[in-house]
Number of protein chains: 4
Amino acid sequence: MSRLAKRRKELVVSMMKDGIYEAAVRVLTERGAEGLTMDRVAESAGVAKGSLYNYFRSKCELLQFIHEKTIEPARDFLAEVRAAPLPAAEKLQAVVRMWLEHFATNRGIFDFLFNDPRTREVMEDCKRSGRLEGIEQLRAFFEQGIAEGAFRPIDTQRTAEMFLGAVILTMEQQLMFNLDRPAEESAAALLDLFLNGLKPQT
Amino acid sequence: MSRLAKRRKELVVSMMKDGIYEAAVRVLTERGAEGLTMDRVAESAGVAKGSLYNYFRSKCELLQFIHEKTIEPARDFLAEVRAAPLPAAEKLQAVVRMWLEHFATNRGIFDFLFNDPRTREVMEDCKRSGRLEGIEQLRAFFEQGIAEGAFRPIDTQRTAEMFLGAVILTMEQQLMFNLDRPAEESAAALLDLFLNGLKPQT
Amino acid sequence: MSRLAKRRKELVVSMMKDGIYEAAVRVLTERGAEGLTMDRVAESAGVAKGSLYNYFRSKCELLQFIHEKTIEPARDFLAEVRAAPLPAAEKLQAVVRMWLEHFATNRGIFDFLFNDPRTREVMEDCKRSGRLEGIEQLRAFFEQGIAEGAFRPIDTQRTAEMFLGAVILTMEQQLMFNLDRPAEESAAALLDLFLNGLKPQT
Amino acid sequence: MSRLAKRRKELVVSMMKDGIYEAAVRVLTERGAEGLTMDRVAESAGVAKGSLYNYFRSKCELLQFIHEKTIEPARDFLAEVRAAPLPAAEKLQAVVRMWLEHFATNRGIFDFLFNDPRTREVMEDCKRSGRLEGIEQLRAFFEQGIAEGAFRPIDTQRTAEMFLGAVILTMEQQLMFNLDRPAEESAAALLDLFLNGLKPQT
DNA sequence: TATGAATGAGCGTTCATTCAT
DNA sequence: GATGAATGAACGCTCATTCAT
C-alpha cells in the first residue's frame with residue numbers, strides 16, 4: 001500500500017473512531033453510563049454492532065478511548081499552565097475555569113469520567129482515573145504556592161483532594177440543575193474560599 | 001382488619017424491610033454496586049426472591065429504600081447538631097467527623113449512594129440525590145456562622161457545595177486506597193483549610 | 001421445607017435435567033456436536049433459554065452431565081463384568097457387545113463422547129474423556145488374560161489402545177452407514193481377530 | 001482468452017490455493033480446528049479476507065480442499081505400495097508406518113481431518129470422510145494376504161475397519177499425550193498383534 | 001482481481017420480573 | 001403472604017460472508 005493510501009486509511013479510521021466517540025457521548029448523555037451498551041453506540045453511530053469491533057477490540061478499549069479523548073484537551077491545557085511563569089493561585093484559577101468550561105457541556109460524560117465505578121475499574125489498569133490525575137496535578141500547584149511563600153505549608157495531598165472535590169461537586173451541581181453560573185465566577189468563588197478561608201479577615 | 005392487626009402487620013412488614021435492607025448492605029459490601037442483584041439480596045436475607053417483590057415493587061424501589069435508610073442516621077445526627085447551642089465551626093467539624101466515621105466502615109454502600117449511576121438516576125426522580133440534603137444542611141451552618149460573625153458573608157450555597165465536595169472526595173480517597181486516616185484528623189484538616197484558607201496568617 | 005417436599009423437589013429437578021438431557025441428545029443427533037447450542041437445547045426441551053441455567057450453571061456443566069449420563073450405564077456394566085469370575089476373553093467380548101449395543105442407537109452422542117475435541121477439552125478437567133476411561137478398563141482385562149496365561153505378555157497399554165480403536169471405528173462405520181450388524185456378531189469378529197490374529201492357524 | 005493465458009491463469013489460481021492451504025494448516029496447527037477462522041487464514045496467507053472467496057466459494061469448500069490436499073500424499077503412497085510386489089503384511093506395515101509418520105508431525109490437522117465434527121459433516125456430503133478411502137485400500141491388502149494364503153479368510157471389510165481404528169487411536173494417543181513412540185515401533189506392534197493375535201503361540 | 005470494512009445472525013450468559021402453587 | 005422456577009430481553013462479543021472501491 002502506498003504511503004498516500006496508508007495515510008488516507010488512517011484518516012478514515014480516525015474519522016470512524018471519532019464518529020463512534022460522538023455516538024458514545026450521545027448515548028452517555030441520553031442514557032447515562034449504565035445505558036452505554038455497544039448496541040446503542042452502534043445504533044447511534046449508524047453502523048452495525050460488529051463494526052464497532054473493527055475499531056475497538058472491546059468495550060473496555062472504547063471506554064478508554066472515550067476517557068482519553070475527553071480528558072486530553074484538559075490535560076494539554078494543564079501541562080501548559082503548569083509550565084507557565086505564573087503564581088500558583090493564578091494557575092489554580094486558570095485550571096479550575098478551564099475545567100468548569102470544558103465539562104459544562106455534558107453531564108453524562110463527566111459522570112462517566114469521574115464517578116462511574118465501572119470506568120474507574122477499567123481505567124485503573126492503564127491510565128489512572130481522571131480523578132487521580134487531577135489530584136496529582138493540583139498537588140504540584142500547591143507545592144509551588146508553598147515554595148513561593150504564598151500558601152501555608154499544608155498537607156498538599158489532602159488539600160489537592162479537597163480542592164478537586166470542591167471543583168467536582170460544583171460542576172455536578174451545575175450540570176444536575178442546569179445552573180447558569182459563569183465558569184469565571186465559579187472559579188473566583190472557589191479560589192476566594194480556598195485562599196482566604198471562611199474567617200473574616202482580621 | 002382490626003387496628004391492632006393492622007399495627008402488627010405494619011410491624012412485620014417493617015421488620016422484613018429492615019432484614020432485606022441489611023441483606024442488601026451485606027451484598028453491597030461484598031460484591032459492590034455492580035453485584036447487587038435481587039437474587040443475592042434474597043439469598044442473603046434468607047427469603048425467596050419473589051418475596052422481595054412483596055415489600056418493594058421493584059429493584060428501583062429497594063434502591064431508594066436503601067438510600068433512605070442509610071442516610072437516616074446521618075440526617076438525625078445532623079438535626080441534633082443543628083439544634084445544639086454550638087458555634088458554626090464546631091457544628092461543621094462534628095458533622096464532618098460523623099460522616100467520615102459513618103462511611104469509613106463501608107466502601108460499597110458509600111459508592112452506591114454517591115456515585116453509582118444506576119442509583120443516581122433512581123434518586124433523581126424522587127429527591128435528586130442525597131447530596132442535595134447535605135448541601136442544604138451545610139448551608140444552615142454557614143448561615144449561622146455568618147450571623148455569628150465568625151464567617152465572612154460568602155455565598156452559602158456555593159460554599160456548602162464546595163465543602164461537601166471536599167468531604168466526599170476525602171472520604172473516597174480514603175476508601176479507594178484503604179488509607180488509615182483517623183476521622184478526627186481529616187475533619188480537623190478540612191476545617192482548618194476552610195476556616196483559615198491557604199494564605200499564610202499575617 | 002419438609003422432607004417430603006424436598007424429595008419432591010429433587011424429583012422435579014431430576015426430571016427437568018433428564019428432559020434437558022434428552023433435548024440435548026436430540027439436538028446432538030439432528031445437528032451434531034457443532035450445532036449443540038443452548039438456544040436449540042432450550043427450544044427442543046420446550047423451555048426458555050434462561051431456564052437451562054436453573055439446572056446447569058453453564059454449557060460446560062450441561063456437557064459434563066450429558067457425558068456422565070450417557071457413559072454411566074456402560075461404566076456400571078463394565079465394573080460388573082470386571083468383578084465377575086470369567087476368563088479375560090469372555091469379559092472382553094461381553095464389554096464389546098455391550099458397547100456396540102449401547103451406542104448403536106445414536107450417532108450424535110457417540111461422536112460427542114469420543115471424538116468431539118470440544119468435549120474432550122471440557123472433560124479433561126473433571127472426568128477424563130470416555131476414551132481414556134475405556135482404555136484404562138481394557139488394560140485390566142488384558143492384564144488378567146496375561147496373568148491367566150491366556151494371552152501373550154504384550155504391551156497392555158498399546159493393546160488396549162488398538163482394541164478400543166478397533167471397537168470405536170467399528171461402531172462409527174455402523175452408525176455412519178446405518179449398517180445392520182448384530183452386536184453379537186461384531187463382538188465375535190473383534191475377539192476372533194484379536195485373539196487369533198490374521199495368520200492361519202498352523 | 002488464449003489457451004496459454006488460460007493455462008497461466010490456472011497455474012496462478014493453483015498457487016494461490018496452495019498458499020491458502022499452507023496458511024490454513026499453520027492456523028490449524030497453532031490454534032486448532034476451533035481457531036480456524038477465515039480471518040486468521042487470510043492473515044497467515046498474507047492476503048485479504050475477501051480474496052479467500054475468490055478461490056473458495058465458502059469456508060466449507062476450503063475445508064474440503066484442505067482435506068483433499070492433506071490426504072493426497074498418503075493416497076499416492078498407498079497406490080504406490082499397492083502396486084509394489086510385496087507380501088501383504090509388509091505392505092500393511094509400510095502403510096501404517098507412513099501414516100504414523102505423516103500425521104505425527106501435526107496434531108491440529110489430524111484432529112481436524114478425522115475428528116472435527118464440523119469437518120465431518122462437510123465431508124460426508126462429498127465423499128463421506130477420509131476413513132472410507134483408507135478402509136477400502138486396506139481391504140485390498142487383506143484380500144491380497146488371503147489370496148497369498150498368508151491370512152486367514154476373514155471378513156476383509158470388518159478387518160480393515162478394525163485395523164484402521166487401531167491405527168487411528170494409536171496415533172491419537174500419541175498426539176494427545178505427546179508420547180515419544182517411534183513410528184517404526186508402533187507399526188511393528190500393530191502388525192504383531194494383528195498377525196499373531198493375543199493367544200500364546202503354541 | 002484484490003481489498004478489507006461492513007454486516008448481522010448467532011453465541012453463552014445474566015437478571016429483573018412474573019405467576020402458579 | 002411466601003415461594004422459586006420460568007421467562008425473555010439484553011448483554012458483550014465472534015465470524016462467515018458480502019460488496020463498493
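First the proteins, then the strands, lettered A, B, ... as listed; each starts at 1. If you're wondering where the values come from, they're calculated on a predicted model, not measured in any experiment. Worth knowing before you read on, the calculation uses all heavy atoms, side chains too, and leaves out hydrogens, waters and symmetry mates.
Using a 4.0 Å heavy-atom distance criterion, C:Leu62 is classed as making no nucleic acid contact. Residue-level contact check: A:Arg8 touches neither bases nor backbone, having no heavy atom under 4.0 Å from any strand.
If you find the closest nucleotide of DNA chain F to D:Arg40 and to A:Met38, the one lying nearer the 5' end belongs to A:Met38.
For the pair B:Tyr53 OH and F:dA6 C1', the computed distance is 14 Å after rounding to whole Å. Taking atom CD on B:Glu10 and atom C1' on F:dG1, their separation rounds to 16 Å, with Å as the unit. Atom pair A:Glu61:CD and F:dC13:P shows a separation of 10 Å (rounding to whole Å applied). Between the P atom of E:dT18 and the CZ atom of B:Phe56 lies a distance of 16 Å, rounded to the nearest Å. Atom CD in D:Glu34 sits about 12 Å away from atom C1' in F:dC15, given to the nearest Å. We find that CG of A:Leu63 is positioned 15 Å from C1' of F:dC13, with the value rounded to whole Å. Counting to the nearest Å, the P atom of F:dC11 and the CG atom of A:Leu36 are 10 Å from each other. Spacing between atom CG of C:Asp39 and atom P of F:dT7 amounts to 14 Å, rounded to whole angstrom units.
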Practice problem: Evaluate side chain to side chain contact (heavy atoms under 4.5 Å, CB included) for B:Leu63 paired with B:Phe56, printing each intermediate quantity in order. | Solution: CA-CA 9 Å; B:Leu63 256 37; B:Phe56 302 98; over 6 Å; no

Quiz prompt | Evaluation steps, side chain to side chain contact (heavy atoms under 4.5 Å, CB included), between C:Leu62 and C:Tyr55 | solution = CA-CA 8 Å; C:Leu62 171 57; C:Tyr55 299 96; over 6 Å; no

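Put simply, the side chain of A:Met16 does not reach to within 4.5 Å of the side chain of A:Asn54, judged on heavy atoms. Using a 4.5 Å cut-off on side-chain heavy atoms (C-beta onward), D:Leu4 and D:Arg8 make no contact.
Electrostatic pairing of D:Lys69 and D:Glu72 does not count as a salt bridge here, judged by no charged N lying under 4.0 Å from a carboxylate O.
Interatomic distance, CD1 of B:Ile66 versus CD of B:Glu68, reported as 12.0 Å (0.5 Å rounding). Distance check, rounded to the nearest 0.5 Å: OG of B:Ser58 to CD of B:Gln64 gives 7.5 Å.
In terms of modelled atom types and a separation under 3.5 Å, the side chain of C:Ser14 and the main chain of C:Glu10 share no donor-acceptor contact.
Checking the phosphate oxygens (OP1, OP2) of F:dC15, no side-chain nitrogen or oxygen of D:Thr37 falls inside 4.0 Å.
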Identify each donor-acceptor pair in which a side-chain atom of residues 36-45 of chain D lies under 3.5 Å from a protein atom, sequence neighbours left out, and give them as a table.
residue, atom, partner, partner atom, Å
D:Thr37, OG1, D:Arg40, N, 3.2
D:Asp39, OD1, D:Lys49, NZ, 3.0
D:Asp39, OD2, D:Lys49, NZ, 3.3
D:Arg40, NE, D:Gly35, O, 2.9
D:Arg40, NH2, D:Gly35, O, 3.4
D:Ser44, OG, D:Arg26, NE, 3.0
D:Ser44, OG, D:Arg26, NH2, 3.3

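When the nucleotides F:dC13, E:dT13, F:dA16 are ranked by their closest atom to the side chain of C:Ser58, E:dT13 comes out on top.
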Distances under 3.5 Å only, N/O to N/O: pair up the protein atoms with those of nucleotides 1-3 of chain E.
residue, atom, partner, partner atom, Å
E:dA2, OP1, D:Tyr55, OH, 2.9
E:dA2, OP2, D:Asn54, ND2, 3.3
E:dA2, OP2, D:Tyr55, OH, 3.1
E:dT3, OP2, D:Ala48, N, 3.2
E:dT3, OP2, D:Ser51, OG, 2.7

Quiz item: What would the secondary structure line of DNA chain E be in dot-bracket form, counting Watson-Crick and G-U wobble pairs under 3.5 Å, with [ ] for pairs that cross earlier ones and | for pairs with another strand?
Solution: .||||||||||||||||||||

